[in-house]
Amino acid sequence: YIIVYNTEAVSSPSNTASSYTLVSVPTLQFSGTKTDTSVTLVSSQPANGGELYFDCEGTCDTGINVWTTNQTATVTGLTQNTQYTFTVKSRNGDNVETANSTPVQVYTYASIPTLTPSASSVSEISLTASNLENISSGQSGLFFECQSSNCSNGTNEWVKNQSTSVTDLLTNTQYTFRVKARNAEGDETAWSESVLRYTLASTPSISSVTPVDSSSMNIEIENADNPTNTEILIKESTTGKYLNPSTNDLETTPVWSTFSSLSQPSLVKNLSSGTVYSFTVQAKNGDGIETATSSSTSSSTLLTSIEAILPT
């Protein structure tokens, strides 16, 4: 306080006044802890209990933008694989603020991708990754992997495309895939969940339909390049019925049977004599995707024998 004297050396002291010294601009660092949606920051501590104000450039202030005495702050609600710029400032006991600190830039981690497979043909499966951001920035990328045998074409390398095609695969064969991502700084995610997909089956064909007698026929089926466990459906076009290989009869309900379980030739019985029957065949893969129907092959049952009656 201050005392001022008059000419007679008489006075009273003034009111007491106090003031805080200024605080230095704090130093901001990345703490080393982050996820795909959060970043934790750490600041140097201002002297004499000064407060800190953490800030993020843009709309990324969840968990910060308040005065605090904590030296650490976790910013949440961030977007994966995205660079953010942070600063911190301080104020003393008189609420006099410092300038902002030197900015710190941090990339969030990439999120674990979601993988969707799709059979494109009898020898190709397409893979598409989703749950991605900024896949073209920096070292960002995807690594598709086939966990089965003999399926490396189109996989096993870092790429910046969210889709790839795995080629030179076997017909109607199941393959297992997974994918991982990395952010712009090269930090890799864990693997996605593994997904399974069959290639498509080839359309089988009928090589011959041969009458056996007046009520039955034999059908010879070619399985194309399908494995023997491929399911086959035989249809008679005129009646709209399907062959049940277990009973050799035509039925109204489709009966799928593995090629390996079919007799060759397959017998069809209880037909009408002297009647034309047309047969088609199709297959489906292990995921239940059906092929196109084969071309129709026809034949006629034999006429019933007529026993001649001699005149008496």
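Just so it is clear, the structure is predicted and the values come from calculations on it, not from any experiment. We count residues from 1, following the sequence as given.
- Using a 4.0 Å cut-off between a side-chain N of Lys or Arg and a carboxylate O of Asp or Glu, Glu188 and Arg182 do not qualify as a salt bridge.
- Side-chain N/O atoms of Thr114 and Asn131 include no donor and acceptor closer than 3.5 Å.
- Judged purely by atom type and a 3.5 angstrom limit, Ser118 has no side-chain atom pairing as donor or acceptor with the backbone of Ser126.
- Between the side chains of Thr230 and Asn172, a donor-acceptor pair is found at a separation under 3.5 Å.
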request  = For the pair Trp67 and Arg91, evaluate side-chain contact (heavy atoms from CB on, under 4.5 Å) and give the outcome as yes or no after the intermediate values.
outcome  = CA-CA 9 Å; Trp67 288 101; Arg91 67 182 180 186; 3.2 Å; yes
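- Here the side chains of Ile219 and Val268 are in contact, with some heavy-atom distance below 4.5 Å.
- Checking Thr85 against Gln83 by side-chain atom types alone, no donor-acceptor pair falls below 3.5 Å.
- In this model, no donor atom of one side chain and acceptor atom of the other lie less than 3.5 Å apart for Asn81 and Glu133.
- Here the side chain of Asp61 pairs no donor or acceptor atom with the backbone of Ile64 at under 3.5 angstrom.
- Side-chain atoms of Thr108 come within 3.5 Å of backbone N or O of Thr79 as a donor-acceptor pair.
- Side chain of Thr98 to backbone of Ser90: a donor-acceptor contact under 3.5 angstrom is found.
- Between the side chains of Glu124 and Ser121, no donor N or O sits under 3.5 Å from an acceptor N or O.
- Under the 3.5 Å distance criterion, with hydrogens and angles disregarded, no donor-acceptor pair is assigned to the side chains of Asn218 and Thr210.
- Thr301 places a side-chain N or O within 3.5 Å of a backbone atom of Ser272 that can act as its donor or acceptor partner.
- At most 12 heavy atoms of other shown residues, nucleotides or ligands fall within 6.0 angstrom of atom CG in Asn150.
- The two residues Ser163 and Thr128 come nearest to each other via the heavy atoms OG-OG1, 3.2 Å.
- Counted by atom type alone, Thr155 and Ser152 present zero donor-acceptor pairs between their side chains at under 3.5 Å.
- Interatomic distance, NZ of Lys180 versus CZ of Phe144, reported as 13.0 Å (0.5 Å rounding).
- A continuous path of Ile, Leu, Val, Met, Phe, Trp and Tyr side chains, each step under 4.5 Å between heavy atoms, connects Leu142 with Val166, placing both in one hydrophobic cluster.
- Residue Ser140 comes nearest to Asn134 through the heavy atom pair OG-O, 3.3 Å, listed as atom of the first residue, atom of the second, then distance.
- In this structure, a donor-acceptor pair under 3.5 Å is present between the side chains of Thr40 and Thr74.
- Counting all heavy atoms, side chain and backbone alike, Ala110 lies closest to Asn183 at N-CB, 3.8 Å.
- Cation-pi check for Lys34 over Tyr109 is met; the charged atom lies under 6.0 angstrom from the ring centroid and within 45 degrees of its normal.
- Remark: the backbone N or O of Ser246 is paired with a side-chain donor or acceptor of Asn244 at under 3.5 angstrom.
- Ion pair Arg197/Asp287 flagged as a salt bridge, since at least one NZ, NE, NH1 or NH2 atom sits closer than 4.0 Å to an Asp/Glu carboxylate oxygen.
- Remark: side-chain polar atoms of Ser263 are not paired, donor with acceptor, to backbone N or O of Pro265 under 3.5 angstrom.
- Using modelled atom types, no side-chain atom of Gln80 and backbone atom of Asp36 make a donor-acceptor pair closer than 3.5 Å.
- Nearest heavy-atom pair across Cys60 and Leu78 is CB-CD2, 3.7 Å.
- With no hydrogens or angles considered, no side-chain donor-acceptor pair links Ser278 and Ser237 at under 3.5 Å.
- Remark: side-chain polar atoms of Tyr198 are not paired, donor with acceptor, to backbone N or O of Ala119 under 3.5 angstrom.
- Side chains of Gln147 and Ser194: a donor on one and an acceptor on the other come within 3.5 Å.
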